[in-house]
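Taking it in order: structure first as structure tokens, then the write-up.
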Amino acid sequence: MENLTIKTIKPKSKISENSVLVKFFCIFDNLEMELLELERDISFKINARLKKEFYDKETGKIEFFPSNNIPSKVILYKLKENDINNSNYFRNTLAGLVADLKKNIEKNILISLPENSEVINVYEDLEYLYQTAVEGICYGCYKFDKYKSDKKKKEKLSVSFISDSARVVKKAVENGIMLSDSVAFARDLVNEPAMGLTPQELSKRTKSELTKAGVKVKILNKAELQKRKMGGVLAVGQGSSNPPQMIIMEYKPKVKAKKKIALVGKGVTFDTGGYSLKPENFMLGMEADMGGAAGVIGATLAIAKAKLPVEVITIVPTVENCVSGNAYKPGDIVKTSSGKSILVLNTDAEGRIILADALELASKQKADFIIDMATLTGANEVALGGLSAGMYTKNEKLIKGLSDTGFRSQEKVWPMPMWDDYSEFLKTDKADIKNLGPRYGGAITAAKFLEFFVDDKENWAHLDIPSPSPENKLTNYQKKYHSAYGVRLLFEFAKKLTI
């Protein structure tokens with residue numbers, strides 16, 4: 001992470017004047033004794049009013065400025081019981097804190113985290129606790145301001161964790177920065193406006209970045225798509241002056257792979273809806289309709305950087321869905337690379353059409369699992385709000401594995417019905433399948449559409465991610481920018497496969 005250094009210092013180390021001390025206390029601690037020890041460390045007596053406020057205040061946070069300016073500022077957090085019921089507390093809190101402190105150009109931050117068993121148990125181990133804290137710091141430093149004319153020079157920031165567990169913290173810092181860098185690359189992709197990220201530019205940036213990490217990247221251009229009869233990608237992309245492409249990434253570890261997974265991501269770099277044109281308010285933000293692509297690209301990058309012993313094949317069909325004289329139309333029948341045909345009822349249900357070709361290709365890879373990720377339906381967002389992605393699979397191992405890693409990474413997923421009864425809604429006499437079912441259950445029928453193009457249906461999962469992907473106020477690190485949801489989730493899932 002540019003202009004950011006993170007290290008470990010021992011307790012009782014000398015504190016400099018131009019620094020901020022951030023200390024977290026746990027409700028299980030003896031707060032009175034902890035505050036007395038803090039007073040000895042900073043040679044400053046905290047007044048009784050502040051102490052009472054800290055004990056009683058609902059927010060569990062106080063700030064004060066020691067009169068001797070050593071450190072220049074102290075921020076104390078008191079974790080309440082509901083603060084430690086998931087593994088996102090330090091990631092989220094530190095993201096907000098660092099973002100606020102950087103506004104005042106604070107250059108040195110000292111952080112003391114609680115290392116008691118009650119807190120560590122929530123994170124499973126001490127290393128992951130510190131890793132989430134590192135992620136939070138990195139997310140708090142993230143900005144997408146490349147188009148601002150008055151952007152400020154990035155100030156250097158030094159963060160020191162106060163801990164006796166130097167070896168554990170060092171490993172956590174390495175992992176946290178590596179994962180955060182991968183997330184940042186994916187976020188840069190998903191936050192880029194459509195004029196700056198065409199299908200060709202997405203392919204170019206992906207190849208440039210992932211090749212450095214040892215990933216083989218192959219780009220299928222329009223001619224190659226035609227040769228392979230990938231009619232779904234070609235149809236959706238034919239309305240744009242920027243032709244469609246398919247990005248194929250392959251990571252092979254140097255040691256014997258324990259598992260092989262295929263990842264597929266929807267890469268619609270802008271979606272007008274085509275002839276089924278979106279209203280203006282629904283078209284805003286459609287530069288992020290390639291959020292699924294950004295997620296699987298970022299996850300592949302993180303897996304390669306971590307050198308995980310798992311083989312990954314990642315496939316991203318990328319198009320612009322535009323309106324022109326060449327654009328595909330409602331009523332058209334599209335033939336995919338599998339030979340199966342699609343009756344197009346709505347050109348705004350385009351993501352599933354390009355994924356049909358990608359999933360057919362993924363099915364040929366002999367992977368243990370196939371996982372696709374897409375900002376596919378508004379219906380899923382209606383069902384789950386902004387808190388979770390919808391998970392559509394019949395595989396119990398995938399349900400448990402993705403659910404567990406979703407709660408660990410705090411990129412949550414929730415299993416939805418996948419009964420075969422829903423397939424009846426997609427039948428048509430004119431083609432093998434139609435691209436739209438009835439209004440109700442729309443996210444499920446979209447998943448059943450995708451399933452139709454997967455050979456190994458039992459080992460496949462579809463993640464519908466429009467809910468948690470865009471900017472929202474649910475977390476401090478997602479208030480201003482798209483999140484590139486799924487990088488942490490898929491990385492943790494791949495990591496778990498290797499244990």
Query - L220 side chain reached by R228 side chain, heavy atoms, under 4.5 Å - result: yes
Report summary line: ring-ring contact (aromatic ring centres under 6.0 Å, His included) filter on Y123, not counting sequence neighbours, yields F90
Query raised in the report: OG1/T336 to CD1/I353 distance, rounded to the nearest 0.5 angstrom?
Result: 10.5 Å
Requested in this report: For the pair V334 and S341, evaluate side chain to side chain contact (heavy atoms under 4.5 Å, CB included) and give the outcome as yes or no after the intermediate values.
Outcome: CA-CA 6 Å; V334 174; S341 59; over 6 Å; no
**Report entry** Closest heavy-atom pair and its distance - P199, T269
**Finding:** CD-OG1, 3.5 Å
Query raised in the report: Within the side chain of N321, is there an N or O that forms a donor-acceptor pair under 3.5 Å with the backbone of T272?
Result: no
Query raised in the report: Does any non-hydrogen side-chain atom of L376 lie less than 4.5 Å from one of L450?
Result: yes
Query raised in the report: Given E360 and S338, is the side chain to side chain donor-acceptor pair (under 3.5 Å) satisfied, shown in steps?
Result: CA-CA 6 Å; E360 196 273 334; S338 64; 5.8 Å; no
**Report entry** E174 (side chain) donor-acceptor with K171 (main chain) under 3.5 angstrom
**Finding:** no
Query raised in the report: Is the shortest heavy-atom distance from the side chain of V268 to the side chain of T318 under 4.5 Å?
Result: no
Query raised in the report: Should the pair K340 and F452 be classed as cation-pi, given the thresholds of under 6.0 Å to the six-membered ring centre and 45° from the axis?
Result: yes
Query - Note: E424-K427 ion pair, threshold 4.0 Å (strictly below) - result: yes
Query raised in the report: Does a side chain donor of either Q131 or E127 reach within less than 3.5 Å of an acceptor in the other side chain?
Result: no
Query - Side-chain donor/acceptor of N92 to backbone N/O of T475, under 3.5 Å - result: no
Requested in this report: Name the orientation class of the two ring planes belonging to Y477 and Y139 (parallel below 30°, tilted from 30 to 60°, perpendicular beyond 60°).
Outcome: tilted
Requested in this report: Would you indicate whether D429, at its atom CG, is surrounded by more than 12 heavy atoms from other residues, nucleotides or ligands within a distance under 6.0 Å?
Outcome: no
Query raised in the report: Hey, does the side chain of D372 reach the backbone of V264 with a donor-acceptor pair shorter than 3.5 angstrom?
Result: no
Query raised in the report: Taking C-beta and beyond as the side chain, do V316 and T206 meet within less than 4.5 Å on heavy atoms?
Result: no
Query - Listed partners of D348 passing salt bridge (charged side-chain N to carboxylate O under 4.0 Å, His left out), at least two apart - result: K278
**Report entry** Under 3.5 Å donor-acceptor, D332 side chain and K329 backbone
**Finding:** yes
Query raised in the report: When the ring planes of H462 and W460 are compared, do they come out parallel, tilted or perpendicular, using 30° and 60° as the limits?
Result: parallel
Report task. Could you check L497 against K258 for side chain to side chain contact (heavy atoms under 4.5 Å, CB included), going step by step and ending with a plain yes or no? Result -> CA-CA 7 Å; L497 289 177; K258 295 187 177 181; over 6 Å; no
Report task. Please step through side chain to side chain contact (heavy atoms under 4.5 Å, CB included) for the pair I109 and L101, ending with a clear verdict. Result -> CA-CA 9 Å; I109 305 175; L101 289 178; 3.5 Å; yes
Requested in this report: Check A133 against L94 and note the closest heavy-atom contact, atom names and distance.
Outcome: CB-CD1, 3.5 Å
Query - Ionic contact status for K496 with E492, cut-off 4.0 Å - result: no
**Report entry** Side-chain donor or acceptor of N380 paired with backbone N/O of D464 under 3.5 Å
**Finding:** yes
Report task. Would you indicate whether the side-chain heavy atoms of K266 and M373 approach each other to under 4.5 Å? Result -> no
Query - Y440 atom OH, over 12 foreign heavy atoms within 6.0 Å - result: no
Report summary line: Closest heavy-atom pair, A379 versus A443, reported as atoms and distance to 0.1 Å, is CB-N, 3.5 Å
Query raised in the report: Taking atom OH of Y485 and atom CG of L490, what is their separation to the nearest 0.5 Å?
Result: 8.0 Å
Report task. Working to the nearest 0.5 Å, report the span between CZ of F282 and CG of D271. Result -> 12.5 Å
Report task. Could you pull out all residues at least two apart from R205 that satisfy salt bridge (charged side-chain N to carboxylate O under 4.0 Å, His left out)? Result -> E192, E201
Query raised in the report: Can any side-chain N or O of T445 pair as donor or acceptor with the backbone N or O of G442 at less than 3.5 Å?
Result: yes
Requested in this report: Taking the side chain as every heavy atom from C-beta outward, state whether M249 and K218 have any atom pair closer than 4.5 Å.
Outcome: no
Requested in this report: Assess whether side chain to side chain donor-acceptor pair (under 3.5 Å) is satisfied between D188 and Y142, documenting all intermediate values.
Outcome: CA-CA 10 Å; D188 284 347; Y142 178 81; 2.8 Å; yes
Requested in this report: With sequence neighbours excluded, tell me which residues meet side-chain hydrogen bond (donor to acceptor under 3.5 Å, both in side chains) with T300.
Outcome: T314
Query raised in the report: Under 3.5 Å, is there a donor-acceptor pair between the N395 and E458 side chains?
Result: no
Query raised in the report: Are R408 and Y128 in a cation-pi contact, defined as NZ or CZ under 6.0 Å from the six-membered ring centre and within 45° of the axis?
Result: yes
Query - Reported NZ-to-CD1 distance for the pair K252 and I313, which is rounded to 0.5 angstrom - result: 8.5 Å
Query raised in the report: Do any N or O atoms from the side chain of S483 and from the backbone of S469 form a donor-acceptor pair under 3.5 angstrom?
Result: yes
Query raised in the report: To the nearest 0.5 Å, how far apart are CG in L202 and CD1 in I219?
Result: 8.5 Å
Query raised in the report: Would you find a donor on one side and an acceptor on the other, under 3.5 Å apart, between the side chain of K457 and the backbone of V454?
Result: yes
Requested in this report: Could you list the residues that satisfy side-chain hydrogen bond (donor to acceptor under 3.5 Å, both in side chains) with Q245, not counting sequence neighbours?
Outcome: S203
Requested in this report: Please identify each residue that fulfils salt bridge (charged side-chain N to carboxylate O under 4.0 Å, His left out) with K216, with sequence neighbours left out.
Outcome: none
Requested in this report: Indicate yes or no: at least one non-hydrogen side-chain atom of Q410 is less than 4.5 angstrom from one of R91.
Outcome: yes
Report summary line: Rounding to 0.5 Å, atoms CD1 (I371) and CE (M391) come to a distance of 10.0 Å
**Report entry** Intermediate values then yes/no, side chain to side chain contact (heavy atoms under 4.5 Å, CB included), K448 and F425
**Finding:** CA-CA 9 Å; K448 296 302 289 185; F425 296 123; over 6 Å; no
Report task. Can you establish whether the number of heavy atoms outside K394 located under 6.0 Å from its atom NZ is more than 12? Result -> yes
Report task. State whether the side chain of K335 and the backbone N or O of G231 hold a donor-acceptor pair below 3.5 Å, judged by distance alone. Result -> no
Query raised in the report: Parallel, tilted or perpendicular: which fits the ring planes of Y422 and W419, with parallel below 30° and perpendicular above 60°?
Result: parallel
